[in-house]
Amino acid sequence: NCNGFAARCGQARTNESQSMPAHSRRLRLTGGMRPQMWIAGLLLLCGYASTTFHLDERLFFSLSTAWHESRLSKRSLWLPEYRVRTEALPVAGVANNLSGLTYDEQRNQLWAVVNNPEELLALDTDGRLLARYRLEGFSDVEGVTYLGDDLLVMAEERSQTLVIVPLPTADGPLRRADYQAISLGLHAPDNNGFEGVGYDRAGDRLFVVKEHSPRKLYEIQGLKRSLGGAMTLKIIDREAWIEDKGMASDLASVHFDERTGHLVLLSDEAKMMLELDGEGRMVSFRSLWSGFAGLERSVPQAEGMTFDARGN
């Protein structure tokens, strides 16, 4: 029993080890665990990391597209080429809960939403705060995208409602009761509802992502036409586009790129962005882990994403 005095135990072990073969002494120093068990444990750890972070899928896709990089990069955003220029810039006056983000090329600025307390923010392209508007009567606003023609659409997560909001022209709160809204109610009203929105202006298609449980990607056709009373809404479940994209374990945001006709999906849990072509096939991806894309630290809780007219 060596639980009593440390000095005595140390001496006993020293004397004992002198009479033991070298191989046995090495085992005693590792707590009696055989080298095979260390190797098995290491393999289990590697397997867990591979499964959790889908490293095998990332590696397979990287290798399978490497041969076609020159061809694919000319017709896509090609996310592997993206590098961070500004990292983790604080937005003045916003402590937390900054969520959706969209680019307004007519004003060359950004619009963002905060979901607690609900606010709409106007930012310049360097992230400086230009204006803020309180959202009265809104609840759990997570996503926002610019529709053109001075219109925004905001997504309320729990109620799965899309609210069409004209851009503010004066200071003061924006009242939800003043705007048109479409409640879809495709899932139970919980905190796993609509997380992000992106808009295809040429095709009048709104893309909506549901975060998880389950992940969902919807295409809503005819949104702007319906505002004029046409009532031509068509909802398409694009499950087939994401069912084989297991490495994106959740969906936090979506952006439609007008130049290429491609979708970009953002995953917070997987810390990555995925580019899909017009048929839902993956074209490229960008890891948002520390050490990738020039990032000093992994991106924490990524919830919003947008690109400007030049693809930045």
Side-chain angles (χ1 to χ4, degrees), residues 52 54 57 97-102 112-116 118 135 138-147 152-165 176 181-200 203-223 226 233-257 262-282 285 288 299-307:
T52 302
H54 297 269
E57 291 182 47
N97 294 324
L98 188 63
S99 189
L101 184 69
T102 189
V113 289
V114 178
N115 69 358
N116 187 18
E118 271 66 30
L135 298 175
F138 288 77
S139 177
D140 201 17
V141 177
E142 287 283 355
V144 62
T145 193
Y146 184 55
L147 301 179
L152 294 170
V153 60
M154 300 184 195
E156 294 181 318
E157 182 177 18
R158 292 178 185 271
S159 64
Q160 300 155 55
T161 299
L162 305 171
V163 186
I164 314 301
V165 180
R176 189 185 185 284
I182 302 170
S183 295
L184 300 180
L186 298 171
H187 303 274
D190 55 24
N191 198 36
N192 297 317
F194 293 167
E195 190 74 14
V197 285
Y199 187 64
D200 166 18
D204 191 15
R205 300 184 299 165
L206 182 73
F207 292 92
V208 183
V209 292
K210 180 178 179 294
E211 189 173 14
H212 55 70
S213 304
R215 300 176 309 159
K216 282 292 184 180
L217 171 63
Y218 294 105
E219 177 184 323
I220 302 174
Q221 299 179 353
L223 178 68
S226 71
L233 277 183
K234 181 179 180 181
I235 302 174
I236 303 173
D237 186 346
R238 293 297 186 188
E239 174 68 23
W241 290 15
I242 60 172
E243 62 183 356
D244 62 342
K245 314 296 189 303
M247 58 183 175
S249 50
D250 73 334
L251 297 176
S253 186
V254 57
H255 172 82
F256 181 83
D257 183 63
H262 290 184
L263 277 183
V264 183
L265 303 175
L266 174 66
S267 175
D268 165 40
E269 292 179 358
K271 300 194 184 305
M272 68 185 310
M273 299 160 60
L274 292 80
E275 179 183 5
L276 311 183
D277 68 13
E279 301 298 325
R281 295 179 294 252
M282 192 158 73
F285 75 91
L288 301 176
V299 176
Q301 199 172 349
E303 293 199 5
M305 164 193 64
T306 193
F307 292 76

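Keep in mind the model is a prediction, meaning the values are calculated, not measured. Computed over heavy atoms, backbone and side chain alike; hydrogens, waters and symmetry mates excluded.
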Student: Could you pull out all residues at least two apart from R176 that satisfy salt bridge (charged side-chain N to carboxylate O under 4.0 Å, His left out)?
Tutor: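 Listed in chain order: E156.
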Student: How long is the straight-line distance from CG of L263 back to CG of L274, given to the nearest 0.5 Å?
Tutor: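 That separation rounds to 11.0 Å.
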Student: Mind checking the NZ-CG spacing from K234 to L223? Nearest 0.5 Å is all I need.
Tutor: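 One gets 15.5 Å once the value is rounded to the nearest 0.5 Å.
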Student: With the side chain counted from C-beta on, respond yes when L147 and L152 share a heavy-atom pair under 4.5 Å apart, and no when they do not.
Tutor: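 No. Closest side-chain heavy atoms not under 4.5 Å.
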Student: Between T161 and S159, is there a donor-acceptor pair closer than 3.5 Å when you use the side chain of the first and the backbone of the second?
Tutor: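 Yes, the answer is positive, given that a donor and an acceptor are paired below the 3.5 Å cut-off.
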Student: Parallel, tilted or perpendicular, judged at 30° and 60°: which one describes the rings of H255 and F307?
Tutor: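 Ring orientation of H255 relative to F307: tilted.
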Student: What's the shortest heavy-atom distance between A155 and V197, and which atoms?
Tutor: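 It is CB-CG1, 4.0 Å.
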Student: Kindly indicate, with the supporting measurements, whether the criterion side-chain contact (heavy atoms from CB on, under 4.5 Å) is fulfilled by E118 and V141.
Tutor: CA-CA 7 Å; E118 271 66 30; V141 177; 3.8 Å; yes
Student: Can you tell me how far CE of M305 sits from CG of L265, rounded to the nearest 0.5 angstrom?
Tutor: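 It comes to 7.0 Å.
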Student: Which is it for K210 and E195 under the salt bridge (charged side-chain N to carboxylate O under 4.0 Å, His left out) test, yes or no, and what are the steps along the way?
Tutor: CA-CA 5 Å; K210 180 178 179 294; E195 190 74 14; over 6 Å; no
Student: Of all heavy-atom pairs between A270 and A248, which one has the smallest distance, and what is that distance?
Tutor: CB-CA, 4.1 Å
Student: Where do D200 and G203 come nearest, in terms of heavy atoms and distance?
Tutor: OD1-N, 3.2 Å
Student: Rounded to the nearest 0.5 Å, what separates atom CG in D140 from atom CD in E157?
Tutor: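 Spacing of CG (D140) from CD (E157) equals 5.0 Å.
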Student: Evaluate the salt bridge (charged side-chain N to carboxylate O under 4.0 Å, His left out) criterion for residues R215 and D250: first the C-alpha distance (whole Å), next the side-chain angles of each, then the deciding distance (0.1 Å), finally the verdict.
Tutor: CA-CA 6 Å; R215 300 176 309 159; D250 73 334; over 6 Å; no
Student: With L217 as reference, evaluate R238, K245, E239 under the side chain to side chain contact (heavy atoms under 4.5 Å, CB included) test and give the passing residue.
Tutor: R238
Student: Do F138 and V163 come within less than 4.5 Å of each other through their side chains, counting heavy atoms only?
Tutor: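 SC-SC contact between F138 and V163 confirmed.
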Student: Begin from the C-alpha positions of M154 and L162 and carry the test side-chain contact (heavy atoms from CB on, under 4.5 Å) through to its verdict.
Tutor: CA-CA 6 Å; M154 300 184 195; L162 305 171; over 6 Å; no
Student: For the residue pair E219 and F207, what are the closest heavy atoms and their distance?
Tutor: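 Minimum heavy-atom contact is OE1-CE2, 3.7 Å.
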Student: Would you find a donor on one side and an acceptor on the other, under 3.5 Å apart, between the side chain of N97 and the backbone of N116?
Tutor: yes
Student: So, the side chain of E275 versus the backbone of V264: is there a donor-acceptor pair under 3.5 Å, distance only?
Tutor: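 Checked: no pair found.
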Student: Specify the closest pair of heavy atoms between Q221 and I236, including all atoms of both residues, with the distance to one decimal.
Tutor: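 Looking at all heavy atoms of both residues, the closest pair is NE2-CD1, 3.3 Å.
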Student: Just checking, is any N or O donor in the side chain of S99 or N115 under 3.5 Å from an acceptor N or O on the other one?
Tutor: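 Looking only at side-chain atoms, N115 and S99 do not form any donor-acceptor pair under 3.5 Å.
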Student: Mind listing the closest non-hydrogen atom pair of D237 and K216 along with its distance?
Tutor: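 Reported closest heavy-atom pair: OD2-NZ, 2.8 Å.
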Student: Could you measure the distance from the CD1 atom of I220 to the CG atom of L184? Nearest 0.5 Å is fine.
Tutor: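 Output value for this atom pair is 5.0 Å.
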Student: Between Y218 and L206, does a side-chain contact (heavy atoms from CB on, under 4.5 Å) hold up when you go through it step by step?
Tutor: CA-CA 8 Å; Y218 294 105; L206 182 73; over 6 Å; no
Student: Do F285 and M273 pass the side-chain contact (heavy atoms from CB on, under 4.5 Å) test, and can you show the C-alpha distance, the side-chain angles, and the key distance before you say yes or no?
Tutor: CA-CA 5 Å; F285 75 91; M273 299 160 60; over 6 Å; no
Student: Does any non-hydrogen side-chain atom of F194 lie less than 4.5 Å from one of E142?
Tutor: no
Student: For the OG atom of S253 and the CG atom of L101, what is their distance to the nearest 0.5 Å?
Tutor: 8.0 Å
Student: Is there a donor-acceptor pair under 3.5 Å between the side chain of K271 and the backbone N or O of S267?
Tutor: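 Pair absent, no side-chain N/O of K271 close to backbone of S267.
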